[in-house]
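Working notes, beginning with the structure itself.
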Amino acid sequence: MPSENNTPILQMQNICKTLSGKEILRSVSLDINRGELKVLIGPSGAGKSTFLQCINYLLIPEQGQIILEDTVVNPGVKKDLYNYRQQVGMIFQDFNLFDHLTALDNVAIALRKVKGMSKKQALEIARKELDRVGLSDKGDLYPAELSGGQKQRVAIARALAMEPKVLLLDEPTSALDPELVGEVLSVIRDLAKEGLTMIMATHQMDFARALADEIVFMQQGEIIERGSPAALLKEGSGTRTADFCNKLSDMCEELD
Ligand SMILES: Nc1ncnc2c1ncn2[C@@H]1O[C@H](COP(=O)(O)OP(=O)(O)OP(=O)(O)O)[C@@H](O)[C@H]1O
Ligand SMILES: [Mg+2]
């Protein structure tokens with residue numbers, strides 16, 4: 001609904017994180033509105049993964065706060081944290097599936113354990129979510145029997161089953177063979193078009209250019225540039241983002 005679109009659904013305010021005595025995030029702030037896709041880019045070691053992990057409270061920031069809708073999250077209270085994590089899902093580079101469970105059970109297990117659903121109800125939703133990512137015929141296979149792209153789509157189905165308000169994705173295609181990247185990006189594209197709110201770290205600049213509402217460029221633990229893809233990636237704009245993007249494509253050409 002247009003009236004809701006300008007309200008931040010999630011606000012990160014002055015997030016600071018130190019790891020092994022090194023300041024990794026230096027007071028990073030970012031808001032995301034309902035239905036937006038923000039793409040985090042930046043050199044290796046910039047702090048993108050650390051930031052996403054802080055947003056999900058897999059890492060607890062030393063300073064700063066996160067506000068989901070109108071509520072300040074208190075990660076020190078187990079119940080609040082548990083609740084929050086159901087609403088802010090996370091997709092990792094390396095899928096994080098349970099190897100001993102089928103695709104269907106990987107999706108159903110959280111619904112049973114976290115949402116307390118019956119087996120029948122959980123399986124019904126799991127089937128629907130697998131269908132949504134184009135895997136309706138793979139439910140009975142184990143992760144070892146799936147391609148990387150299929151595994152990542154199972155991980156996405158599992159996150160979607162929880163009906164998150166925001167989905168965080170940390171380089172969801174970077175562990176995939178090049179020919180499998182497209183199938184995962186196509187699922188994420190559909191989610192963006194359906195209006196799912198997402199923050200995604202990626203080096204897939206064509207995807208970012210086409211779909212991001214905002215590109216957020218991080219370097220050395222800070223956001224140093226942000227704006228629309230049109231503004232930041234414009235030829236000759238002289239932005240850090242355009243420069244980084246050119247370096248990335250030079251690197252890809254060298255690899256070809
Ligand atoms: N557990 C840790 N202890 C100490 N330093 C860490 C730890 N985890 C990450 N770092 C450091 O934090 C910095 C940011 O790492 P992070 O993984 O967030 O970067 P990134 O932007 O995601 O990079 P990439 O593009 O390679 O994924 C790096 O300098 C890294 O070495
Ligand atoms: Mg990373």
Side-chain angles (χ1 to χ4, degrees), residues 10-32 37-66 75 81 85 88-97 148-149 151-152 155-156 159 164 166-178 180-181 184-185 188 198-209 211-212 214-227 229 232-233 239-255:
L10 192 64
Q11 302 175 59
M12 279 61 68
Q13 299 179 337
N14 307 109
I15 302 294
C16 298
K17 184 68 197 169
T18 300
L19 290 169
S20 312
K22 191 176 156 215
E23 209 182 358
I24 308 294
L25 297 178
R26 303 158 193 253
S27 197
V28 180
S29 296
L30 185 70
D31 287 1
I32 182 161
L37 167 65
K38 299 241 193 239
V39 168
L40 293 184
I41 64 165
S44 182
K48 305 178 296 292
S49 296
T50 307
F51 187 41
L52 289 172
Q53 287 173 43
C54 283
I55 300 176
N56 197 241
Y57 286 116
L58 289 169
L59 290 172
I60 307 292
E62 289 93 37
Q63 279 185 57
Q65 63 177 10
I66 297 180
L81 182 59
R85 289 230 182 96
V88 179
M90 180 111 172
I91 298 292
F92 301 90
Q93 189 175 335
D94 53 1
F95 329 125
N96 276 10
L97 295 178
K151 280 189 252 202
Q152 191 58 295
I156 293 172
V166 179
L167 189 61
L168 311 172
L169 304 103
D170 192 3
E171 302 207 29
T173 61
S174 62
L176 302 177
D177 290 338
L180 302 177
V181 168
V184 172
L185 289 183
I188 300 169
M198 292 185 277
I199 307 176
M200 171 174 169
T202 186
H203 289 138
Q204 297 290 331
M205 294 310 298
D206 288 341
F207 178 88
R209 190 191 303 270
L211 287 161
E214 187 174 55
I215 293 182
V216 177
F217 187 94
M218 286 186 74
Q219 189 169 300
Q220 294 183 345
E222 288 177 313
I223 293 175
I224 59 162
E225 212 167 66
R226 51 191 286 190
L232 291 194
L233 294 173
T239 60
R240 303 295 298 266
T241 307
D243 185 42
F244 177 74
C245 189
N246 287 336
K247 282 194 189 124
L248 269 186
S249 50
D250 288 351
M251 221 164 66
C252 291
E253 275 165 27
E254 276 169 30
L255 290 174

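Worth knowing before you read on, the calculation uses all heavy atoms, side chains too, and leaves out hydrogens, waters and symmetry mates. Every number for a ligand or one of its atoms is a count from 1 in the order of the listing. In this chain, numbering begins with 1 at the start of the sequence shown.
- With hydrogens and angles ignored, the 3.5 Å screen pairs a side-chain donor or acceptor of Ser29 with a backbone N or O of Asn14.
- In this structure, atom 31 (O) of ligand 1 is not in close contact with the protein, since no protein heavy atom lies within 4.0 Å of it.
- Of the listed residues (Gly221, Gly45, Cys54), the one carrying the non-hydrogen atom nearest atom 14 (C) of ligand 1 is Gly45.
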Subject >> CA sep, side-chain torsions, deciding dist, call: Glu171, Thr202, side chain to side chain contact (heavy atoms under 4.5 Å, CB included) >> reply: CA-CA 5 Å; Glu171 302 207 29; Thr202 186; 5.6 Å; no

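- Ile24 CD1, 3.1 Å is the protein heavy atom nearest to atom 12 (O) of ligand 1.
- At least one heavy atom of Glu171 sits less than 4.0 Å from an atom of ligand 1.
- In terms of protein heavy-atom proximity, atom 17 (O) of ligand 1 is closest to Ser49 CB, 3.7 Å.
- Of the N or O atoms in His203, none lie within a sub-3.5 Å distance of an N or O in ligand 1.
- Within the set Gln93, Gln219, Lys48, the minimum heavy-atom distance to atom 21 (O) of ligand 1 is found for Lys48.
- No more than 12 heavy-atom neighbours from other residues, nucleotides or ligands sit within 6.0 angstrom of CZ on Arg240.
- At the top of the distance list for atom 6 (C) of ligand 1, counting protein heavy atoms only, stands Leu19 CD1, 3.7 Å.
- Across the listed options Ser20, Gly47, Pro43, Gly47 owns the non-hydrogen atom lying nearest to atom 19 (O) of ligand 1.
- Judged by distance alone, with hydrogens and angles left aside, the side-chain atoms of Asn56 form a donor-acceptor pair with the main-chain N or O of Val88 at under 3.5 Å.
- A 6.0 Å sphere centred on CD of Gln63 holds no more than 12 heavy atoms belonging to other residues, nucleotides or ligands.
- Looking at Leu30, Ile215, Thr241 one by one, the single match for side-chain contact (heavy atoms from CB on, under 4.5 Å) with Arg226 turns out to be Leu30.
- Looking at heavy atoms from C-beta onward, Leu10 lies out of side-chain contact with Lys38 at the 4.5 angstrom threshold.
- Among protein heavy atoms, atom 26 (O) of ligand 1 sits closest to Ser44 OG, 2.6 Å.
- Residue contacts with ligand 1 for Thr50 involve both N, CA, C or O and side-chain atoms from C-beta outward (heavy atoms, distance under 4.0 Å).
- The number of protein N/O/S atoms found under 2.8 Å from the Mg ion (ligand 2) is 1.
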**OP:** Applying side chain to side chain contact (heavy atoms under 4.5 Å, CB included), run through Lys247 and Asp243 and close with a yes or a no.
**Re:** CA-CA 6 Å; Lys247 282 194 189 124; Asp243 185 42; 3.3 Å; yes

**OP:** With side chain to side chain contact (heavy atoms under 4.5 Å, CB included) as the test, would you mind laying out the steps for Arg85 and Leu58 before giving the verdict?
**Re:** CA-CA 9 Å; Arg85 289 230 182 96; Leu58 289 169; 4.3 Å; yes

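- Within the structure, the closest approach of Gly42 to ligand 1 does not fall below 4.0 Å when heavy atoms are considered.
- Proximity of a side-chain donor or acceptor of Gln152 to a complementary backbone N or O of Phe92 within less than 3.5 Å is detected.
- Close approach of ligand 1 to Lys22 is summarised as follows: ligand atoms under 4.0 Å from at least one heavy atom of the residue are 29 (O).
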Subject >> Verdict with reasoning, Phe51 to Leu40, per side chain to side chain contact (heavy atoms under 4.5 Å, CB included) >> reply: CA-CA 10 Å; Phe51 187 41; Leu40 293 184; 4.1 Å; yes

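- Residue Gln220 places its CD atom among 12 or fewer non-hydrogen atoms of other residues, nucleotides or ligands, all under 6.0 Å distant.
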